[in-house]
Amino acid sequence: MLITRKSIPRRTFLRGAGAALALPMLDAMTPALAADKARQIRMAFVEVPNGIMMDKWTPAAEGDLQLSPVLEPLAQFRDRMLVLGGLDQKEAAALGFEIGGDHPRACSAWLTGAHARMTSGADLRAGISVDQVAAQEFGKYTQLASLEVGLESPEIVGACESAYGCAYYNTISWRNDTTPLPMENRPRAIFDRLFGDMATADPEMRLAIRQDDRSILDAVLDDVRRLRGKLGGADRGKIDQYLEAIRDVERRMQLAEKQADREIPQVESPAGAPEVFSEYYKLMADLMVLSWQTDMTRVMTFMMGHEMSGRAYPEVGFGDAHHPCTHHQGDSEKIEKTVKINTFHTKMLSYYLDKLRSTSDGDGSLLDHSMILYGAALSDANLHLYTDLPLLLVAGGVGGIKGGQHVRYPKRTPLTNLLLTMLDKANVPHEGRLGDSTKRLELPTA
């Protein structure tokens with residue numbers, strides 16, 4: 001076998017008229033016999049709205065992880081999972097003069113550890129969120145510092161709960177104390193951010209490609225042919241898999257956009273997005289996987305729904321809205337429906353994790369080199385509790401973290417202690433506190 005030190009740059013793009021495609025990690029990007037084969041760590045923060053039924057979420061015992069009914073769809077990832085209990089977000093609690101606002105305060109505090117100022121005006125205030133701390137570091141090396149994704153429209157304005165502005169519950173990501181970052185819910189907008197060469201693209205040409213149902217890949221076909229001729233068999237296979245994934249995402253977006261043109265859009269179904277929730281989720285999840293596969297970004301926040309979300313999930317067998325179900329007041333039928341929604345959400349998470357696991361990344365998969373925090377900003381939504389939050393960390397061995405464990409911490413331990421520890425494990429330098437943090441959290445290690 002002939003070994004050379006020739007390699008192609010990591011930031012190589014396939015270029016064509018109106019398009020620029022970043023490449024996934026290839027063997028040819030690593031010089032032959034290179035000693036350092038470490039892969040970059042990625043971080044994702046996934047929030048579900050309206051709490052989770054804790055008796056169906058919490059494993060029966062500490063230590064070796066026994067999957068609860070809501071966690072059962074994640075069984076194939078058990079050895080990578082840490083279920084964490086006892087962590088609070090006390091900054092979600094109301095001050096004596098504040099009225100209502102439990103939902104917007106909860107999601108604002110979830111990743112910031114900061115108290116949301118009660119206002120429906122422009123004088124918003126919370127704190128920098130952990131994803132943006134990571135983005136300040138990782139953004140030095142990627143085209144996009146971070147990606148904020150949601151499945152409901154961020155365009156609701158005014159006061160959404162009591163005297164709290166909608167901007168609070170439209171996002172879980174804050175660039176700084178006064179700047180909330182909107183969640184992008186349009187698949188086409190995310191696709192264009194990832195694959196559109198915005199600096200040089202001809203808008204008319206891009207529009208013509210879209211209207212003709214042509215793939216963005218058609219614009220870079222010549223570059224693809226030239227590149228494949230320089231690669232070995234394994235890398236050609238990776239390129240083919242990657243391009244097929246892009247083509248599949250485009251096909252699904254085009255179907256959704258045609259559907260939106262034919263039918264009257266529903267309030268909770270943004271134009272250009274599939275109307276069926278699971279199809280919408282999977283399309284967005286695939287875009288997020290592509291953003292990591294191409295190293296366009298290493299940090300993501302994913303808001304599966306607004307706090308107080310009224311989305312219905314007919315796929316699980318009923319048409320009741322989510323938020324009213326969580327205010328069950330002991331009604332067994334509403335409790336059962338809430339559990340079905342919670343379980344449906346973890347089933348969707350399983351799809352995302354499986355896509356990461358099946359996408360190669362150097363000497364492993366994207367899942368091997370990622371930390372993903374999944375959970376809710378409230379525990380018992382019926383009582384609006386912000387204590388003992390439902391939290392799941394999927395770490396894949398990053399930083400020596402040992403999965404397959406249920407760990408409980410002393411009551412009232414700040415969630416931000418975990419967030420600081422995640423920054424450490426991802427090699428993100430951060431001095432001082434994050435919101436209401438008090439110290440780093442000890443995680444089980446192998």
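Just the heavy atoms: all of them, side chains too, but no hydrogens, waters or symmetry mates, feed the values below.
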> With sequence neighbours left out, what residues match His384 under ring pair (Phe, Tyr, Trp, His ring centres under 6.0 Å)?
Replying inline: His103, His327

>> So if I apply the side chain to side chain contact (heavy atoms under 4.5 Å, CB included) rule between Thr359 and each of Asp354, Leu367, Leu366, which one comes out positive?
In response: Leu366

> Is the backbone N or O of Glu91 less than 3.5 Å from a side-chain atom of His115, with the two atoms forming a donor-acceptor pair by type?
Replying inline: yes

> CG of Asn50 to CD1 of Ile341: how many Å apart, nearest 0.5 Å?
Replying inline: 8.5 Å

>> Taking Ala44's backbone N and O only, do any of them form a donor-acceptor pair with Tyr374's side chain (distance below 3.5 Å, no angle check)?
In response: no

> What distance separates Thr387 OG1 from Leu87 CG, expressed to the nearest 0.5 Å?
Replying inline: 11.0 Å

> Taking it one step at a time, do Leu389 and Leu84 satisfy side chain to side chain contact (heavy atoms under 4.5 Å, CB included)?
Replying inline: CA-CA 8 Å; Leu389 295 174; Leu84 306 173; over 6 Å; no

> When you measure from the side chain of Thr301 to the backbone N and O of Phe45, does any donor-acceptor pair fall under 3.5 Å?
Replying inline: no

> Is any side-chain heavy atom of Leu373 closer than 4.5 Å to a side-chain heavy atom of Leu418?
Replying inline: yes

> Where is the tightest heavy-atom contact between Pro180 and Leu124, given as atom of each residue plus distance?
Replying inline: CG-CD1, 3.8 Å

> How far apart are the C-alpha atoms of Lys347 and Glu315, what are their side-chain angles, what is the distance that settles it, and do they pass the side chain to side chain contact (heavy atoms under 4.5 Å, CB included) test?
Replying inline: CA-CA 12 Å; Lys347 181 180 179 181; Glu315 290 174 272; over 6 Å; no

> Can you list every ring pair (Phe, Tyr, Trp, His ring centres under 6.0 Å) pair that touches residues 388-434, not counting sequence neighbours?
Replying inline: none

> Does the side chain of Ser146 come under 3.5 Å of the side chain of Gln132 through a donor N or O and an acceptor N or O?
Replying inline: yes

>> Quick one about Asp131 and Ser173 (side-chain donor to acceptor, distance below 3.5 Å, no hydrogens or angles considered), yes or no?
In response: yes

>> For a 4.5 angstrom cut-off between non-hydrogen side-chain atoms, does Arg78 reach Asp64?
In response: yes

>> Using every non-hydrogen atom in the two residues, find where Arg298 and Ile41 come nearest and quote the distance to one decimal.
In response: CB-O, 4.1 Å

>> Does the plane of the ring in Phe302 sit parallel, tilted or perpendicular to the ring in Tyr281? Use 30° and 60° as the thresholds.
In response: tilted

> Passes side-chain hydrogen bond (donor to acceptor under 3.5 Å, both in side chains), Ser350 versus Gln76? Steps please.
Replying inline: CA-CA 8 Å; Ser350 179; Gln76 60 182 315; 3.3 Å; yes

> What pair of heavy atoms forms the shortest contact from Leu67 to Ala75, and how long is it?
Replying inline: CD1-CA, 3.4 Å

> Where is the tightest heavy-atom contact between Ala94 and Arg105, given as atom of each residue plus distance?
Replying inline: CB-NH2, 3.2 Å

>> Using side chain to side chain contact (heavy atoms under 4.5 Å, CB included), reason through Cys107 and Tyr168 one step at a time and then give a plain yes or no.
In response: CA-CA 8 Å; Cys107 65; Tyr168 283 123; 5.6 Å; no

> Taking the side chain as C-beta and beyond, is there a heavy-atom pair between Pro49 and Tyr169 under 4.5 Å?
Replying inline: no

>> Just by distance, no angles: are the side chains of Thr142 and Asp295 close enough, under 3.5 Å, to form a donor-acceptor pair?
In response: no

> Is there a side-chain contact between Pro187 and Leu287, using heavy atoms and a 4.5 Å cut-off?
Replying inline: yes

> To the nearest 0.5 Å, what is the distance between NZ (Lys334) and NZ (Lys337)?
Replying inline: 8.5 Å

>> Could you measure the distance from the OG1 atom of Thr179 to the CH2 atom of Trp174? Nearest 0.5 Å is fine.
In response: 8.0 Å

> Is the backbone of Val316 close enough, under 3.5 Å, to the side chain of Lys340 for a donor and an acceptor to pair up by distance?
Replying inline: no

> How long is the gap from OG on Ser278 to CG on Leu283, to the nearest 0.5 Å?
Replying inline: 11.5 Å

> Among all residues two or more places apart in sequence or in another chain, which pass the salt bridge (Lys or Arg N to Asp or Glu O under 4.0 Å) test with Arg412?
Replying inline: Asp88

>> Students often mix this up, so state it plainly: with edges at 30° and 60°, are the rings of Trp292 and Tyr352 parallel, tilted or perpendicular?
In response: tilted

> So, do Ser379 and Trp57 sit near enough that their side-chain heavy atoms are less than 4.5 Å apart?
Replying inline: no

> Does any non-hydrogen side-chain atom of Leu353 lie less than 4.5 Å from one of Met81?
Replying inline: no

> Would you say the side chain of Met183 lies within less than 4.5 Å of the side chain of Glu47, judging by non-hydrogen atoms?
Replying inline: no

> What's the shortest heavy-atom distance between Ser358 and Lys355, and which atoms?
Replying inline: OG-O, 3.1 Å

> Where the side chain of Arg186 meets the backbone of Ser153, is there a donor-acceptor pair that is under 3.5 Å apart?
Replying inline: no

>> Test your reading of the model: is there a side-chain donor-acceptor pair from Asn342 to the backbone of Met53, 3.5 Å cut-off?
In response: yes

> Are Asp424 and Thr421 linked by a side-chain donor-acceptor pair shorter than 3.5 Å?
Replying inline: no

>> Determine whether a donor-acceptor pair (N or O, by modelled atom type, separation under 3.5 Å) exists between the side chain of Gln66 and the backbone of Ala60.
In response: no

>> Using 0.5 Å steps for rounding, measure from the CZ atom of Arg125 to the CZ atom of Arg117.
In response: 5.0 Å

>> Heavy-atom count check: over 12 atoms from other residues, nucleotides or ligands less than 6.0 Å from Ile99 CD1?
In response: no

>> Does Glu333 have more than 12 heavy atoms from other residues, nucleotides or ligands lying within 6.0 Å of its CD?
In response: no

>> Go through it in stages, so that I can follow the logic: the residues are Leu290 and Phe191, the test is side chain to side chain contact (heavy atoms under 4.5 Å, CB included), and I'd like the CA-CA distance, side-chain angles, deciding distance and then a yes or no.
In response: CA-CA 9 Å; Leu290 285 171; Phe191 187 87; 5.5 Å; no

> Do Ser437 side-chain atoms and Thr416 backbone N/O form a donor-acceptor pair below 3.5 Å?
Replying inline: no

>> Checking side-chain polar atoms at under 3.5 Å, does Thr171 have a donor or acceptor matched by the opposite partner on Glu148?
In response: no

> Has the side chain of Asn185 got a donor or acceptor atom that lies under 3.5 Å from a matching backbone atom of Leu151?
Replying inline: no

> Side chains of Asp102 and Tyr164: do they bring a donor and an acceptor to under 3.5 Å?
Replying inline: no

> Is the backbone N or O of Thr112 less than 3.5 Å from a side-chain atom of Ser129, with the two atoms forming a donor-acceptor pair by type?
Replying inline: no

> Considering all heavy atoms of both residues, which atom of Leu147 and which atom of Leu144 are nearest to each other, and what is their separation?
Replying inline: CD1-CD1, 4.4 Å

> Under 4.5 Å between any side-chain heavy atoms of Leu74 and Leu392, yes or no?
Replying inline: yes

